[in-house]
Enquirer: 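Below is a structure I'd like to ask you about.
We use all heavy atoms of the structure for the numbers below, so side chains are in, but hydrogens, waters and symmetry mates are not. Residue numbers begin at 1 in each chain, while the letters A, B, ... track the order of the sequences.
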Protein chains: 2
Amino acid sequence: MNVSTNIKIDEDMKYHKIPDETIRRMPMYLRALSLLEQDACQTISSRQLAQQLHLNPPQIRKDLSYFGAFGKRGIGYPVQSTVQQIRKILKLDGTQSAALIGAGRLGTAIAAYPGFSVFGFEVASIFDIAPKKIGKKIGAMTVEDAADLDTLKKRKIRLAILAVPAEAAQSCAEALVQAGVKGILNLSPSCLAVPRRVKVVTIDIAMALGVLPYYM
Amino acid sequence: MNVSTNIKIDEDMKYHKIPDETIRRMPMYLRALSLLEQDACQTISSRQLAQQLHLNPPQIRKDLSYFGAFGKRGIGYPVQSTVQQIRKILKLDGTQSAALIGAGRLGTAIAAYPGFSVFGFEVASIFDIAPKKIGKKIGAMTVEDAADLDTLKKRKIRLAILAVPAEAAQSCAEALVQAGVKGILNLSPSCLAVPRRVKVVTIDIAMALGVLPYYM
DNA sequence: TATTGTTTGTGAATGTGAGTACAAATATCA
DNA sequence: TGATATTTGTACTCACATTCACAAACAATA
């Protein structure tokens, strides 16, 4: 029933479907290795790294091996070049500009958050719908009118952070998709409906808190 | 185990090991059903709920059935009583007081976040280490000295939200454990080491953003 | 050089979760 | 009442993810 070319390509290119869970862990590795790089650490073994991240060594080795053989047997992984490799894999080499939607308390906190730089992200512009907030300064940026979201296309910004109330999230998401955005980090407690080509990651703080009492 | 909780639920929990993924989804169901309850919706089918949450109907049925048979065949799930059941399961009946550590921008945003009330959470007190911030008013609360974290034991607060820089996170976590805290929502990009009896959930915003370019 | 100790990369085994299919239960309507 | 449509609960199957176990590769040292 299936096409033989697919199989052949799979064999020839040693194609493996990379688990989503592996992708989810890659930024962990990138951050940890970046810190080690700053400390002038040359190499690190999967055992040491696993200790830091509370993971099992074989997990780390398998994750990294999906993308090639970065390590050296008897030695470990070379910190600097592995950082570069992971950056390439995650498409985080070079600066990634992101638009921030929502200039409320959460949006303001996100705009000032220093933790994005490890991954090469920068918040390039801030939007809000409230006339009171438009024109206001947040750090070095001026809040723009959310009605002008379509300018993102010209500016080639394809990444957005959505920090608006749940009621506004879906309509914002649609405007972002219209503006050519390809990835959305949704910080509102809502389930966004977007075309399949657009990737959404939702962080719901209250929901994360919601599981804690169960385990206590 | 606790004898005062619903006996039937405890019995069911003995015989089935409930998947962590199921627990993770329960707050989703709780939120969605709470909204439906506000709209005076009497019952909802797994199909309708799945459509809202972008899940498969059998997934929802299986998740709920771990805790008993809440639904009625041919009808669906009674909204009101299922909400109450899930609250009981997640130990979210009654108000859950949480301490917020860190009165920076993110902490301030968290303190004012309205989304906790659906689950019965309330931020009961705010702590910081910076002398400048101690004594400051945030909403109706006064920022307390993080050196006094041990007062949480007396106040019987067993839940904490950690909104401090990564460098301070581990020492804060240790102080919280010392103060009898049993669950920590960690909002810093750090991997906390705590005794096994303490449950930690970490939300790393930059890391969540870090996977997006890969999929674009 | 030979030996010992360390570490990676990976096939195999194990464990966990998701999807499918269907019987049982209920409502609706002719 | 009988027939049809709807929906739950669950056994079974399949897919995905983690862990184990070990050969291959390298360093260090005598």
Enquirer: Heavy atoms, side chains only, cut-off 4.5 Å: are B:L106 and A:Y113 in contact?
Expert: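 B:L106 vs A:Y113: side chains apart.
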
Enquirer: Is there a side-chain contact between B:L35 and B:V118, using heavy atoms and a 4.5 Å cut-off?
Expert: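 When only atoms from C-beta onward are counted, B:V118 and B:L35 do not touch, as no gap falls below 4.5 Å.
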
Enquirer: Judged by atom type as modelled, is there a donor-acceptor pair below 3.5 Å linking the side chain of A:K91 to the main-chain atoms of B:M216?
Expert: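 Confirmed, A:K91 side chain pairs with B:M216 backbone.
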
Enquirer: Answer with base, sugar-phosphate or nothing: what part of the nucleic acid does A:R24 contact at a heavy-atom distance below 4.0 Å?
Expert: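 Contact class for A:R24: none.
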
Enquirer: Count the heavy atoms belonging to other residues, nucleotides or ligands that lie under 6.0 Å from CD of B:Q42, then report whether that count exceeds 12.
Expert: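 No.
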
Enquirer: Identify all side-chain donor-acceptor contacts of residues 175-195 of chain A below 3.5 Å with residues at least two apart in sequence or on another chain.
Expert:
from   : atom 1 : to     : atom 2 : distance (Å)
A:K182 : NZ     : A:G180 : O      : 3.4
A:N186 : OD1    : A:S188 : N      : 3.1
A:N186 : OD1    : A:S188 : OG     : 2.8
A:N186 : ND2    : A:S188 : O      : 3.4
A:N186 : ND2    : A:S190 : O      : 3.0
A:N186 : ND2    : A:T202 : OG1    : 3.2
A:S188 : OG     : A:S190 : OG     : 2.7

Enquirer: Quick check: on DNA chain C, is the nucleotide nearest B:K72 upstream (toward 5') of the one nearest B:R25, or the reverse? Name the residue that is more 5'.
Expert: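 On the 5' side of the pair lies B:R25.
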
Enquirer: Atom CD1 of residue position B:I23 - does it have more than 12 heavy atoms of other residues, nucleotides or ligands inside 6.0 Å?
Expert: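 Counting other residues, nucleotides and ligands, CD1 of B:I23 exceeds 12 neighbours.
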
Enquirer: Does the side chain of A:Q59 get closer than 4.0 angstrom to OP1 or OP2 of D:dT19 through an N or O atom?
Expert: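 Answer yes for this pair, as a side-chain N or O of A:Q59 is under 4.0 Å from OP1 or OP2.
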
Enquirer: Along DNA chain C, 5' to 3', what are the outermost nucleotides having an atom less than 4.0 Å from a heavy atom of chain A?
Expert: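 Terminal contacting nucleotides, 5' to 3': C:dT6 to C:dA12.
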
Enquirer: Ignoring hydrogens and angles, tell me if any N or O in the side chain of B:Q48 forms a donor-acceptor pair with the backbone of B:S45 under 3.5 Å.
Expert: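 The answer is yes, because a donor-acceptor pair under 3.5 Å joins these two groups.
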
Enquirer: Figure out the CG/P separation between A:D63 and D:dC16, and round it to whole Å.
Expert: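 Going from A:D63 (CG) to D:dC16 (P), I get 16 Å.
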
Enquirer: Could you say whether B:I75 or A:E21 is positioned toward the 5' end of DNA chain D, judged by the nucleotide with the nearest heavy atom to each?
Expert: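 Closer to the 5' end of DNA chain D: B:I75.
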
Enquirer: How far does the helix from C:dT1-D:dA30 to C:dA30-D:dT1 bend, going by the axes of its first and last five pairs, to the nearest 10°?
Expert: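 The angle separating the two end axes equals 10°.
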
Enquirer: Output one line per pair: protein atom, nucleotide atom from nucleotides 20-25 of chain D, and distance, for all N/O pairs under 3.5 Å.
Expert:
from   : atom 1 : to    : atom 2 : distance (Å)
D:dA24 : N3     : A:R73 : NH1    : 2.9

Enquirer: Does a side-chain heavy-atom distance below 4.5 Å link B:L149 with B:I101?
Expert: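 Heavy-atom side-chain distance check passes, below 4.5 Å.
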
Enquirer: Is A:Q170 atom CD crowded by more than 12 heavy atoms from other residues, nucleotides or ligands, each under 6.0 Å away?
Expert: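 More than 12 within 6.0 Å, yes.
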
Enquirer: Could you verify whether a donor N or O on one side chain and an acceptor N or O on the other, from B:T95 and B:E122, lie under 3.5 Å apart?
Expert: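 Their side chains do not contain a donor-acceptor pair, so the 3.5 Å distance test is not met.
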
Enquirer: Using a heavy-atom distance cut-off of less than 4.0 Å, which residues of residues 31-48 of chain B contact DNA chain D?
Expert: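 By residue number: B:S45, B:S46, B:R47.
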
Enquirer: Listing request: all salt bridge (charged side-chain N to carboxylate O under 4.0 Å, His left out) pairs with a residue in residues 55-64 of chain A, at least two apart in sequence or in separate chains.
Expert: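 For residues 55-64 of chain A, and leaving out neighbouring residues, the salt bridge (charged side-chain N to carboxylate O under 4.0 Å, His left out) pairs sorted by first residue read A:R25-A:D63.
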
Enquirer: Does the side chain of B:D20 pick up a donor-acceptor pair with the side chain of A:Y215 at under 3.5 Å?
Expert: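 Looking only at side-chain atoms, A:Y215 and B:D20 do form a donor-acceptor pair, the distance falling under 3.5 Å.
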
Enquirer: Counting distance only, does the side-chain N/O of A:T108 pair as donor-acceptor with the main-chain N or O of A:G104 below 3.5 Å?
Expert: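 Checked: pair present.
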
